[in-house]
Amino acid sequence: MRTIDLVIFIVYLVGIMAFGGSFYRKNKTSLAFTLGNRSIPRWVVTMSIFATFVSSISYLALPGIAYQSDWNAFVFSLSLPIAAIIAVKVFVPLYRKVNSPSAYTYLEQRFGAWARIYASVSYFLTQLMRIGTILYLLALMIHSIYGWDMKTVIIVTGMAVMIYAVLGGIQAVVWTDAIQGIILIAGAVICTVYLLFNMPEGPGQMFEIARDHSKFSLGSYELDFASSTFWVVLVYGIFINLQNYGIDQNYIQRYLASKSDRDAKRSAFSGGMLYIPVSLMFLFIGTALFAYYRSGAGVLPVDLQEINRSDAVFPYFIANELPAGITGLLIASIFAAGMSTISTSYNSTATVLLTDYYKRFFNKSPSERQSMRMLYISSLVISISGTCIAMAMINVKSALDAWWKLASIFSGGMLGLFLLGVFSRKKNTIAAIIGVIAGLMVILWLSLSNLLLGPSAIGNQIHTYLTIVLGTSTIFLVGFLISVFLKKKTIPIILLGLIMLFSACKTGTAPKQNTMEIPKLTSQGENGYLSCEFIYPLDDPPTPECHASTVAEIPGGLIAAWFGGRYESNPDVGIWVSRYVDSSWTKPAEVSNGIQSDTLRYPCWNPVLFQPVSGPLMLFYKVGPDPRGWWGMMKTSGDGGMTWSEASKLGMGPLGHLIGPVKNKPVQLEDGSILCPSSTEVREPGKDDAWMVHFELTKDLGQTWKVIGPINDGIKFDAIQPSILFYRGGKMQILCRTRQGVISQSWSNDQGETWDEMTATWLPNPNAGTDAVTLKDGRQLLVYNHTQRSGDFPAVRNMLNVAVSYNGTDWIVILTLERQKDEFSYPAVIQASDGLVHITYTYMRRTIKHVVIDPEKLY
């Protein structure tokens, strides 16, 4: 890292501490410490509320989300006007009227001390987790840039923020928030401008690349509660922002620190509205980064080209691409966002401990000296606790992830309890308690369904974003209805009913074979898992990235192929081949590329190897700019893949370019015909791609073709990449990848000429490729990712599994091939002539892994 960047960063850190500490003389009373004597200027409160919305997590996460996918996250920001208006009309006047530094005094007034304790404890836990998480992330960033020891960074940062937060109280917090908010915005603007004007072909190229990859999409507008559609994110955003505005101590203190009711309302509204364009700018930066690296303006290291490393792209860009001085400013702006959030949590949590516990239970009329001592001690304890949590996260992240989730579960009931207090005129404590119990049961059910009830539980069909929505709504509705309509003697019956309802949710799942516990990571020699190896070593790859392998049997061994290059869709991506002979894989060789002329080259995609009963080995692959514009190509080999014919284009069909087998292997029918499972990704103007399955059949080894389908409309199921299975009596089944969160299926009784309506299996699918094979003993074997697209680990493509079935409906998960936080995907599977099953798959996009299984030992 350049000296000037380090100087800017250190000067900023020292300067912000000195500036915050300068408020010490104005911070001699508890009122000054917690509310700034209610004399803070409106613009400062506005910027502080904005800075409270933003943290280093969002500074890095929003660009990472946009880089990886699209602008679906912006819908969360679009919910802010609704929450801000409610805050101005309801929350601000209410808290200004209650006139207590603590947000939870009101809950005690409405429902008793238990409500105040419940809410304040939940808040305390979440703030400790928040402090620890942000300290850890800041240290991780500094460690990756400067190489400094993470524990030292955590300790120094935590103590530095505590010093100015304690010396200056809420005044130091909000004023430094304002300064840090300005630095944050300035850094983002500079980064945006730099990216736009450093595209090889100018700013317009960024928009072209983003448009071609649907980067500006706000998500699906369908009423689908299992995925993050526009409507799901909007409703989630409304509830989360109502929780921020309505029960978060960080915000309530700022309402009370304002000079007047009018100033408080304007600050609440303006601070929230300011977040909308700034969050849009963060997302734009992520999209611009995608275009920047996709255009070849910069080159990412191999380890950052993985889909689950998108959060690290922006920090890498800041540290390695920006001019000297600008890098230091951007690092300071990220640090500013984190320090702002930490200082806010220090002050607000200390205020809660003073108001809700010390004054409430230990000393109802303390002197100013006693109150200030309590605030100082609380801040110190909070700082030490948050620092310890951050250091623990270095090595024990999984345990803390569980703690964070538990705190979130309990805090989920806070908003429902508050809304019940605001909108229910009756003061019914028992109704509120029952409402909270019911809401927490719903939250627990939705949060832990997969862990406790299996992947097919009803709760897993509801997106995690809706957990707070349903939990909050349950608390409010149950509490409100009980307080209005029911009497005390009916309360035991209600409690019994809640227990029965929860039990019904627990048992209301699919049959036993579909909810069995997923096996732990399988070791070699265990349950039929014979061996595994890399086709080529991680430290000597032929290309920076690889993906989409295929495998076939040849005389005396195996052959595998995949596409490889700098990264998927880059024009240098070609088709690579390795042969397994004499018990080892040969050095990979490129056998096909997408060169069209001296000035034009397209990437290659998804090779598929197939050895017909008679005839040469066939290699199908795709060439083109993307899956919407690619076309099918074919080569053949008469010597087991040592040499290959010239490439030939498959031609045109009624659906456009013929594709051949899109990912998974063809099958050969009794009459010698080769049936290729295929699919298209068709884009209609103004809509997302429609994924549809079809088949391409050839009777003359690829000289002529017949197209069957599409067999689905791309509406109920967005399905692609089918694999074909066989059953007695000539019945056939396909299993498909979908965007609906499940593997879909369809059945045929006439050798694939017609297919039934596509339906869902119970097996999950995180929008990832699968493959399957019919074994010689009649069983079906499937290789797939038994995960969802979002949620806690394992998710997306973090886990790869093997399942078997006798009837294609009831699947038993037998093996777990991979389970760690990286990508393991796009399996290919065959059964060789000796009966052994061979599986190849993408390993972290860095190599191809080969696994051998004895199906007779699967149990």
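- When each of Phe620, Trp630, Trp562 is checked for a ring pair (Phe, Tyr, Trp, His ring centres under 6.0 Å) with Trp605, only Trp630 meets the rule.
- Taken to the nearest 0.5 Å, the CG atom of Leu836 stands 10.0 Å off from the CD1 atom of Ile853.
- Residues Asp718 and Thr738 bring no donor and acceptor atom of their side chains to less than 3.5 Å of each other.
- Other residues, nucleotides and ligands contribute over 12 non-hydrogen atoms within 6.0 Å of the CZ atom of Phe793.
- Within 6.0 Å of atom CG in Asp582, 12 or fewer heavy atoms from other residues, nucleotides or ligands are found, so the atom counts as exposed in its surroundings.
- With Asn527 contributing its side chain and Leu815 its backbone, the two residues share no donor-acceptor pair below 3.5 Å.
- Counting only heavy atoms from C-beta outward, the side chains of Val851 and Tyr841 approach each other to under 4.5 Å.
- Of the candidates Lys663, Arg845, Arg737, Arg737 is the only one forming a side-chain hydrogen bond (donor to acceptor under 3.5 Å, both in side chains) with Tyr826.
- In this structure, Arg579 contributes its side chain and Gly640 its backbone to a donor-acceptor pair below 3.5 Å.
- Scanning for side-chain contact (heavy atoms from CB on, under 4.5 Å) contacts around Cys604 gives Ile575, Tyr621, Val623, with sequence neighbours left out.
- Formation of a donor-acceptor pair under 3.5 Å by the Asn593 side chain with backbone atoms of Ile595 is found in this model.
- At most 12 non-hydrogen atoms from other residues, nucleotides or ligands lie less than 6.0 angstrom from CD of Glu856.
- Checked against the 6.0 Å centroid threshold, Tyr567 and Tyr293 do not count as a close aromatic pair.
- No hydrogens or angles considered: a donor-acceptor pair under 3.5 Å links the side chains of Ser805 and Asn807.
- For Lys587, the NZ atom is loosely surrounded, since the number of other residues' heavy atoms within 6.0 Å does not exceed 12.
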Review item, side-chain donor-acceptor pairs of residues 528-537, under 3.5 Å, at least two apart:
| from | atom 1 | to | atom 2 | distance (Å) |
| --- | --- | --- | --- | --- |
| Glu533 | OE2 | Trp585 | NE1 | 3.4 |
| Glu533 | OE2 | His850 | ND1 | 3.2 |
| Tyr536 | OH | Arg846 | O | 3.3 |

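- In this structure the side chain of Leu619 reaches within 4.5 angstrom of the side chain of Pro607, judged on heavy atoms.
- Side-chain atoms of Gln780 do not come within 3.5 Å of backbone N or O of Leu725 as any donor-acceptor pair.
- Applying the ring-ring contact (aromatic ring centres under 6.0 Å, His included) rule to Phe717 yields no partners; only residues at least two apart in sequence or on another chain are considered.
- Taking the ring centre of Phe290 as origin, the terminal cationic atom of Lys215 falls inside the region bounded by 6.0 Å and 45° from the ring axis.
- Outside the 6.0 Å centre-distance limit, the rings of His547 and Trp576 are not counted as a close aromatic pair.
- No side-chain donor from either of Asn72 and Asp70 sits under 3.5 Å from a side-chain acceptor of the other.
- In terms of modelled atom types and a separation under 3.5 Å, the side chain of Ser637 and the main chain of Thr643 share a donor-acceptor contact.
- In this structure, the side chains of Met633 and Lys649 come closer than 4.5 Å at one or more pairs of heavy atoms.
- Although no hydrogens or angles enter the test, the distance criterion places a donor-acceptor pair under 3.5 Å between the side chain of Asp626 and the main chain of Gly629.
- No donor-acceptor distance shorter than 3.5 angstrom exists from the side chain of Asn785 to the backbone of Val796, with no hydrogens or angles considered.
- Side-chain atoms of Arg739 never come within 3.5 Å of backbone atoms of Trp691 as a donor-acceptor pair (strictly under, hydrogens ignored).
- Counting only distance, with no hydrogens or angles, the side chain of Lys665 and the backbone of Ser723 share no donor-acceptor pair below 3.5 Å.
- Using a distance-only test at 3.5 Å, with no hydrogens or angles considered, no donor-acceptor pair links the side chain of Gln788 to the main chain of Pro764.
- Side-chain atoms of Gln611 and Glu553 form no donor-acceptor pair, as typed in the model, at a separation below 3.5 Å.
- If you check the side chains of Gln596 and Tyr602, you find no donor sitting under 3.5 Å from an acceptor.
- Side-chain contact between Tyr580 and Val551 is absent, with no heavy atoms from C-beta onward closer than 4.5 Å.
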